[in-house]
Undergrad: 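Dropping a structure here in structure tokens format, bear with me for questions.
Computed from heavy atoms alone, side chains included, the values below leave out hydrogens, waters and symmetry copies. By convention here, the first residue in the shown sequence is residue 1.
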Amino acid sequence: MTKRALKFGKYSTASDDWTLSALVLTYPERRACNVELPYADGSIDLLESVSDEPRYSTRELTATLELSSGTRAERTAKINALANAYHGRTVPITLPDDPDHWLSGRVHISVQCNDRAHAIVDIAATCQPWRTAWQSRTVEADLASVSSILLPNSGGKRLVPSIEVVGTEDVTITLESDSWTLSPGTSVLPEIQIPSGGITYGLSGSGIVRFHYVEALL
């Protein structure tokens, strides 16, 4: 049976026979910049005047690793290797139940015990709020057969895709009364965004259009 494991980069804790006995990942708190209103009730959040998308603080990951195999000296060597490689460093972290996404976290390692029978190591990491997909998504439209494109977004983060136009002519992308004309090549336009749940854009011109983006979950 394959052990459940944390991964730091390409390293899996199961590869050194560690047992992942506990794991907690908190949800990040929504950030706010509240200002009291003079001569009025309540306050306003200045971040809402910048964007209607929530902004989040960091989140905390805690885990416990246990090891009873090998000698005490061998367990000590594994603890030292873990600490030297990751303690105090910011690394991509993959959770055991979510191999398709990663967290960026600064890792802190502490030792509960390392006696003749077993070792227990605590892992704590301060992580950025989003779990980012390892694989990017590409959605393609051939303008010879379609006049619109649905860009799905199963995550919670609003995305700005890179847009690749393949052909010899310009392509126009539309959304309600807005339009953008792109020449052949790859472009990134901050105005073209993909909200959580996805969005449909209109297309006109000729050639092939590809939208490339990476989804992210809380």
Side-chain angles (χ1 to χ4, degrees), residues 1-34 45 47 51 53-137 152-159 194-197 213-218:
M1 182 177 66
T2 303
K3 283 190 172 185
R4 299 176 74 248
L6 278 178
K7 287 186 178 180
F8 304 123
K10 294 183 179 180
Y11 167 76
S12 169
T13 56
S15 66
D16 279 331
D17 205 29
W18 290 103
T19 296
L20 180 62
S21 60
L23 175 64
V24 175
L25 176 65
T26 65
Y27 275 104
E29 290 189 6
R30 184 188 184 279
R31 296 181 64 186
C33 183
N34 293 320
D45 182 0
L47 290 180
S51 171
E53 292 291 308
R55 297 293 185 261
Y56 298 102
S57 299
T58 55
R59 63 199 305 179
E60 299 302 317
L61 179 149
T62 56
T64 301
L65 302 175
E66 299 189 28
L67 180 63
S68 57
S69 61
T71 65
R72 184 177 185 181
E74 289 170 338
R75 292 192 293 271
T76 298
K78 290 182 179 181
I79 293 171
N80 290 339
L82 194 64
N84 287 329
Y86 302 109
H87 183 71
R89 301 181 188 274
T90 299
V91 296
I93 301 172
T94 305
L95 305 179
D97 300 318
D98 186 16
D100 296 329
H101 298 84
W102 60 277
L103 285 158
S104 176
R106 186 175 64 250
V107 177
H108 177 85
I109 295 171
S110 59
V111 179
Q112 273 196 39
C113 67
N114 182 21
D115 54 34
R116 293 182 179 181
H118 70 302
I120 302 176
V121 171
D122 290 325
I123 305 290
T126 300
C127 303
Q128 296 302 314
W130 296 101
R131 290 181 287 139
T132 305
W134 281 108
Q135 299 294 327
S136 64
R137 183 193 284 268
N153 181 3
S154 59
K157 186 177 184 179
R158 181 180 291 268
L159 307 172
I194 309 171
S196 178
Y213 52 98
V214 180
E215 292 166 286
L217 308 172
L218 281 181

Undergrad: What are the two closest heavy atoms between Val91 and Val107, and how far apart are they?
TA: CG2-CG2, 3.8 Å
Undergrad: Tell me, do Val121 and Thr64 make a side-chain contact under 4.5 Å, heavy atoms counted?
TA: no
Undergrad: Looking at His118, is its backbone amide N or carbonyl O close enough to the side chain of Ser68 to form a donor-acceptor pair, meaning the two atoms are under 3.5 Å apart?
TA: no
Undergrad: Could you give me the CA-CA distance, side-chain angles and deciding distance for Ile93 and Phe8, then say whether side-chain contact (heavy atoms from CB on, under 4.5 Å) is met?
TA: CA-CA 5 Å; Ile93 301 172; Phe8 304 123; 3.9 Å; yes
Undergrad: Listing request: all salt bridge (charged side-chain N to carboxylate O under 4.0 Å, His left out) pairs with a residue in residues 71-94, at least two apart in sequence or in separate chains.
TA: none
Undergrad: From Thr26 OG1 over to Leu61 CG, what is the distance, rounded to the nearest 0.5 angstrom?
TA: 8.5 Å
Undergrad: Please give me the minimum heavy-atom distance between Pro129 and Ser57, naming the atom from each residue.
TA: CB-O, 3.6 Å
Undergrad: Work out which heavy atom in Val214 is nearest to a heavy atom in Ala133; give both atom names and the distance.
TA: CG1-O, 3.4 Å
Undergrad: What distance do Tyr56 atom OH and Arg30 atom CZ have between them, rounded to the nearest 0.5 Å?
TA: 7.5 Å
Undergrad: Scan side-chain atoms only and decide if Thr58 and Gln128 contain a donor-acceptor pair under the 3.5 Å cut-off.
TA: no
Undergrad: Going through the checks in order, is the side-chain contact (heavy atoms from CB on, under 4.5 Å) test met by Thr62 and Leu23?
TA: CA-CA 6 Å; Thr62 56; Leu23 175 64; over 6 Å; no
Undergrad: Do the non-hydrogen side-chain atoms of Asp17 and Lys3 ever get within less than 4.5 Å of each other?
TA: yes
Undergrad: Got a sec, which pairs hit salt bridge (charged side-chain N to carboxylate O under 4.0 Å, His left out) with one end in residues 92-108, sequence neighbours left out?
TA: Arg4-Asp97, Asp98-Arg131
Undergrad: Classify the side-chain pair His87/Asn84 by whether it contains a donor and acceptor separated by less than 3.5 Å.
TA: no
Undergrad: Do you know the tightest heavy-atom contact between Pro96 and Ala5?
TA: CB-O, 3.3 Å
Undergrad: Mark yes or no for whether Asp115, through its side chain, and Ala117, through its backbone, hold a donor-acceptor pair below 3.5 Å.
TA: yes
Undergrad: In this structure, are over 12 heavy atoms from other groups packed under 6.0 Å from Glu60 atom CD?
TA: yes
Undergrad: Got Leu20 and Leu65 here, is their nearest side-chain heavy-atom distance under 4.5 Å?
TA: yes
Undergrad: Working to the nearest 0.5 Å, report the span between CZ of Arg158 and OG of Ser196.
TA: 9.0 Å
Undergrad: Return the minimal non-hydrogen interatomic distance between Thr90 and Ser104, and the atom names on each side.
TA: CG2-OG, 3.5 Å
Undergrad: Hey, are Ser154 and Glu215 close enough side-chain-wise for a donor-acceptor pair under 3.5 Å?
TA: yes
Undergrad: Once you round to the nearest 0.5 Å, how far does OH of Tyr11 lie from OG1 of Thr94?
TA: 13.5 Å
Undergrad: Roughly how far, to the nearest 0.5 Å, is the CD1 atom of Ile109 from the CD1 atom of Ile123?
TA: 4.5 Å
Undergrad: First locate atom OG of Ser21, then atom CG of Leu67, and finally report the distance between them rounded to the nearest 0.5 Å.
TA: 11.5 Å
Undergrad: For Glu53 and Gly156, work out which heavy atoms get closest and say how close.
TA: OE1-O, 4.3 Å
Undergrad: Is the backbone of Ser110 close enough, under 3.5 Å, to the side chain of Asp122 for a donor and an acceptor to pair up by distance?
TA: no
Undergrad: So, do Trp130 and Leu217 sit near enough that their side-chain heavy atoms are less than 4.5 Å apart?
TA: no
